[in-house]
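Numbers restart at 1 for each chain; the letters A, B, ... are given by sequence-line order, proteins then strands.
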Amino acid sequence: MIDTSAVRRDFPILGDGQTIYFDNAATSQRPASVLRAVEAFYRETNANPLRGLYRWSVGATEAYEAARHKVARFLGAQEDCEIVFTRNATEAMNLVSYSWGGANLRAGDEIVLTVMEHHSNIIPWQQAAKRAGARLVWLEPDAEGCFSEEELAKIGPKTKLVAVTMVSNVLGVTNPIRELAARAHAVGAVIAVDGAQSTPHQRIDVTALGVDFYVFSGHKMLAPFGIGALYGRKALLDAMPPFLTGGEMIELVTREDATWAPLPAKFEAGTVNAGDAVGLGAAIDYLETIGFDAIEEHENRLAALAMEGMRKMPHVTLYGPTDPARHSGIVTFNIEGCHPHDVASVLDSEHICIRAGHHCAQPLMKFLGVGSTARASMYFYNTEDEVARFLDALGHVRGWLGY
Amino acid sequence: MDLKALYREIVNEHNLHPGHKGDLPAPTHIRQGVNPTCGDDINLQLEVDENGVITAASFNGSGCAISQASADIMIDLIEGRTKEEALALADAFLAMVRGTATDEQRELLDEAAALEDVAHMPARAKCATLGWHTLEKVLREEGEE
């Protein structure tokens, strides 16, 4: 059981006492320990890392590499050098699409995606496919968010890559990554996983999952904006050309040419975001103190309460699996006759923050047959009382909109 | 005005019972407007006579209550006006959204001025201006199709 009143005291912004923050799938809030860790970095050891010829720079390098070690352990990577810091999941997926995609995709190859991908795991592959003359193949889930054998069989001899989200930012459903990885490997393909929505909510072990690439953003899991990471299997990363080029990623530079630094520096061109990497490390510490078992149990309980209440409302349509425990705290819905933006605006006037729109998942909206949806997404610091207040406000939305 | 009061007093009526939704029998101007961030779209139709007077206007489309109501209110204002007057109204509305409208412009906007608060919410400004931007385009570009 999570003691939410104790946990909420760790989050300065939640102290305002009236705002219900249900937009955690967009970005989470940050605990004071993360804010303090970032500030401490700049107060105590700020210097350009990785050039350590004096104490502060050595300290900055150590703090940065300690954060990398934490991420590696957190994700179950075999070695620290398999973790490349990026701005976010989007940049990490772009790295894979340009570097691995550029070196490996050929005309006629197939890239298998699911229709529930976020644009961050669609556009990089659309572009990579265009550059290579490869083709996108789409897996479509059933009403419960599951893939039939027929759909999974689209992973075939022409498949070079399976690029799939672990948790849908709209449906909340967790995809069978281990099985998808096995199927990808069975046909000689690699698998790249968008972990933006899964990493904040469940224990990840990239080795046990058997994935080749895994990307995530820190800001959805208590860390500052602007820091995320790519996990890549070492053999793959070693064989890949650089993505961005410039300082720090080189070994030797002549007027004509250059050789590349070993991993992970090869993929970290330019001065790195050490301060926020330290913040990400502190966020991991915080999440591990709470524990993912407790986080999942809490989120599932809140989702169950919310969905149960919403199912009693005659004009509310819910999206995603029937079982609240398969939602990762994400409850996407529509209210008949009410545009999601109006729903969000009315709830905002009750100090309830939700997301409305296409959630950067336009192909999924089209697949669901809707233009847009509203989404309440909960995290471990949300409370049953907040869910009750949300349901009460939701019950009045149609009235406020003239019905 | 409190947002809920705004919906209750102005937006809902225009959204649920629009006075100008549908097709014109013989439009002289038709223009499609889209708000790509939220998918709202509007099809604005005008009938402009030989003296440059907008004798009739209507809209079709789908979107949030703010975008639909704003378009309906806009048409209330522009029917019977000349193209120049309608453009002056569009200038006034867009100035209001930017926060640079004069008192005179606000007065000109009549009921549309009630959308000022919602227009200042960055996420909703595009909803409120969709109809007006479409009007501006169709009149400035004389986009007869």
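Atom OH of A:Tyr98 has 12 or fewer heavy atoms from other residues, nucleotides or ligands within 6.0 Å. The environment of CD in A:Gln18 is crowded: more than 12 heavy-atom neighbours from other residues, nucleotides or ligands sit within 6.0 Å. Within a 6.0 Å sphere centred on CG of B:Leu16, other residues, nucleotides and ligands contribute more than 12 heavy atoms. Within a 6.0 Å sphere centred on CG of A:Asp142, other residues, nucleotides and ligands contribute more than 12 heavy atoms. For A:Glu144, the CD atom is densely surrounded, since the number of other residues' heavy atoms within 6.0 Å is greater than 12.
Both the backbone and the side chain of B:Ile66 come within contact range of chain A, judged by heavy atoms closer than 4.5 Å. Using a 4.5 Å cut-off between heavy atoms, A:His358 touches chain B through its side chain atoms alone. For B:Asn15, no part sits under 4.5 Å from any heavy atom of chain A, backbone or side chain.
Taking 4.5 Å as the limit, every side-chain heavy atom of B:Arg124 sits out of range of all side-chain heavy atoms of A:Asp348.
Taking 4.5 Å as the heavy-atom cut-off, none of the residues of residues 309-319 of chain A approach chain B. Against chain B, the residues from residues 377-403 of chain A that qualify, each with a non-hydrogen atom under 4.5 angstrom away, are A:Trp400, A:Leu401, A:Gly402, A:Tyr403 in number order.
One distance of note links OG of A:Ser345 with NZ of B:Lys4; it measures 12.0 Å at 0.5 Å rounding. Annotation: the span from B:Leu6 atom CG to A:Ser349 atom OG amounts to 10.5 Å, rounded to 0.5 Å. Between the OG atom of B:Ser67 and the NE2 atom of A:His341 there is a distance of 10.0 Å, given to the nearest 0.5 Å.
For A:Asp342 (side chain) and B:Ala65 (main-chain N/O), a donor-acceptor pair under 3.5 Å exists by modelled atom type.
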